[in-house]
Structures are given as C-alpha cells and as structure tokens.
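Contents: one structure, followed by commentary.
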2 protein chains.
Amino acid sequence: MEPTDVQHSECLSILRPVRDALDVLNGKWKLPIIVALTFGEKRFGEIAKEVHGITDRMLSKELRDLEVNGLVKRTIHDTYPVKVTYELTPHSKSLGEVIESLRKWGTLHRKNIMQHS
Amino acid sequence: MEPTDVQHSECLSILRPVRDALDVLNGKWKLPIIVALTFGEKRFGEIAKEVHGITDRMLSKELRDLEVNGLVKRTIHDTYPVKVTYELTPHSKSLGEVIESLRKWGTLHRKNIMQHS
DNA sequence: TATAGTACTATACCATAGTATAGCGCTATA
DNA sequence: TATAGCGCTATACTATGGTATAGTACTATA
C-alpha cells in the first residue's frame with residue numbers, strides 16, 4: 001500500500017461517526033423539535049404548536065426517533081388525566097458545539113455562494 | 001413577547017445556516033467523493049473506482065451538486081483525447097472543522113448508545 | 001348530551017433519493 | 001475490424017421521507 005492509500009482508508013474510517021452524527025440531525029423536523037424543547041419540558045400538543053407545519057404523525061415519529069437516540073426523555077405523569085411530557089437529555093446538550101460549528105460554516109458558505117453567482 | 005419567545009425565535013433563525021450546511025453534506029455519496037478528492041485532482045473514472053458502489057449516474061449528479069456549491073472545481077483539459085478532472089476548492093477545505101466536530105460528537109454518541117442499551 | 005382537548009395511530013398518497021441497466025460519441029489499441 | 005476505455009446521459013424502477021386526512025379512547029367543560 002502506498003502512503004496515500006493509508007491516509008485514504010483512515011479518512012474513510014472517520015466517515016462512520018460523521019455519518020452517525022448527520023443521521024441523528026437529519027430530516028426536516030429534528031432540529032426544530034430540539035429547539036422547541038430547549039427552554040424546558042413540553043407536552044405533545046405544545047410542541048406541535050411551536051413547530052409550525054408539522055403533522056401529529058411526524059411529531060410522534062420524530063419524538064420516538066429522538067428518544068431512541070437518547071436525545072429526548074419521555075415522561076408519563078401519573079395524574080388524571082394522564083400527562084405526557086418531553087424534555088432534552090444531558091446528552092443532547094452536547095450537540096451545542098456541533099450545531100455552532102454547522103452554523104458558522106453555513107454562514108460562511110452562504111457568503112461564498114453569493115459572491116460567486 | 002416574553003423573554004423565552006425572543007430566545008426561541010433567535011434559535012429558529014440560527015437554524016437556517018445550520019440547514020444549509022447539513023444540506024451540502026447530505027446524501028449517501030457527498031462525503032466519500034470529497035474524501036476521494038482529498039489527495040489531489042482525479043478523473044471521473046478514478047473517482048468512480050475509489051467510491052465503491054456508486055453508479056455513474058450518481059457520481060455525475062453529485063459532482064455537479066458539489067460544483068454548484070463551490071466545493072469542487074471541474075476542469076476540461078484541452079488535449080486529445082479530452083481529459084476531465086475534478087479537484088477540491090479552497091472553500092471545501094474549510095469543511096475540515098465541521099467534519100471534525102461531527103466526528104467527535106458521532107463517536108461520543110455511539111458510546112452513549114452502547115451504554116444505554 | 002354535545003363539544004372540545006389530549007396524545008396519539010391508521011391509511012393512503014406523493015415526491016425525492018437512490019439503484020439498475022443500457023447506450024452514446026469519441027479515441028486508442030490489438 | 002473489433003474491443004476497450006473515456007465521460008458521461010436516458011430510462012425505468014424501488015425505497016424512503018414526508019404529507020393529508022381521518023379516527024380512537026379517554027377526560028373535562030358547557
């Protein structure tokens with residue numbers, strides 16, 4: 001193997017965690033839902049109101065996705081009538097850096113595109 | 001408006017550049033193609049060989065996408081027979097930080113999932 | 001009794017991302 | 001003359017993400 005081959009296969013192995021991260025954030029609704037939960041726990045209906053345009057079906061599905069990925073905690077309160085709330089987990093807070101990094105590059109990229117068109 | 005509303009709308013406006021960045025990296029093939037071009041310019045056929053499993057159709061489409069987004073430069077060499085090469089632009093190098101940030105979180109996330117299952 | 005809210009699920013559909021396979025016009029080589 | 005490589009494009013298909021609309025079992029309120 002040549003040196004570039006070694007470097008190349010290293011790059012490829014780096015891609016797996018990168019893909020993992022992208023998959024967690026992917027889709028139209030994940031980030032808006034996370035934003036909605038940023039300022040404290042909320043009920044299903046409250047999130048639905050804040051995330052404009054989302055259908056109940058999608059909200060239900062995406063919340064389950066986020067729960068499986070350990071970003072959101074679902075709590076069923078033992079009251080009458082039953083109350084269900086969702087909140088961000090500590091793990092989800094660690095996303096802050098990634099989002100900031102994406103935001104910075106996205107802003108830079110937008111400027112770049114503007115200039116060259 | 002309450003204070004949280006202000007903060008909430010701020011978060012939403014931050015999402016646009018984040019979406020932009022995610023869209024550029026999205027899809028199954030963008031990152032592997034970028035990796036293939038990391039160590040210098042390459043011809044269509046060479047990239048096709050390095051990015052395992054990609055079809056000509058997809059490679060053609062994704063290269064055009066990357067070119068439109070200013071990450072890849074396409075050069076037609078005035079030789080017989082004509083030679084076409086692709087290379088990364090300086091702008092694409094600025095992706096390094098973002099990818100590193102995603103890689104770090106992706107690794108952390110994987111550990112987190114392993115523990116809680 | 002009727003209406004509305006709560007937290008969903010079911011069914012059907014559509015649009016986009018990606019795959020599979022083939023072909024094109026060109027040139028170089030055997 | 002035939003075969004293979006080059007850089008693609010065309011056509012048709014499937015799979016996934018997302019939308020639209022309705023319905024459920026329960027409770028609270030008028």
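None of the values given here were measured: they were computed from a predicted structure. A, B, ... follow the sequence lines: proteins, then strands. Residue 1 opens every chain.
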Side-chain N,O ([X]) to OP1/OP2 ([N]) below 4.0 Å:
X     : N      : value
B:R74 : D:dC8  : yes
B:Y86 : D:dC8  : yes
B:K28 : C:dT19 : yes
B:S60 : D:dT9  : yes

Quiz prompt | Trace of the side-chain contact (heavy atoms from CB on, under 4.5 Å) decision for B:V18 with A:R103 | solution = CA-CA 4 Å; B:V18 175; A:R103 189 197 60 77; 3.7 Å; yes

Exercise. Using the closest heavy atom to pick a nucleotide of DNA chain C for each, name whichever of B:P81 or A:R43 lands nearer the 5' end.
Key: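 With B:P81 and A:R43 compared, the 5'-side residue is A:R43.
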
Quiz item: What integer distance in Å separates B:M58:CE from D:dA15:C1'?
Solution: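 Nearest whole value for this atom pair: 12 Å.
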
Self-check item: Atom pair distance, as rounded to whole Å: NZ in B:K30 and P in C:dG18
Solution: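 Roughly 7 Å, once rounded to whole Å.
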
Quiz item: Is there a donor on the side chain of A:R57 or the base of D:dT21 sitting less than 3.5 Å from an acceptor on the other?
Solution: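 Flag unset: no donor-acceptor pair detected.
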
Self-check item: Worked verdict on A:S101 versus A:V98 for side-chain contact (heavy atoms from CB on, under 4.5 Å)
Solution: CA-CA 5 Å; A:S101 176; A:V98 184; 5.6 Å; no

Self-check item: A:F44 and A:Y86 aromatic ring geometry - parallel, tilted or perpendicular at 30°/60° bounds
Solution: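 Rings of A:Y86 and A:F44: tilted, as their planes differ by 30° to 60°.
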
Quiz item: Of A:W29 and B:F44, whose closest DNA chain D nucleotide lies nearer the 5' terminus?
Solution: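 Closer to the 5' end of DNA chain D: B:F44.
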
Practice problem: For side-chain contact (heavy atoms from CB on, under 4.5 Å), just list the numbers for B:D20 and A:I113, CA-CA rounded to whole Å, side-chain angles, deciding distance to a tenth of an Å, and then say yes or no. | Solution: CA-CA 11 Å; B:D20 288 348; A:I113 293 291; over 6 Å; no

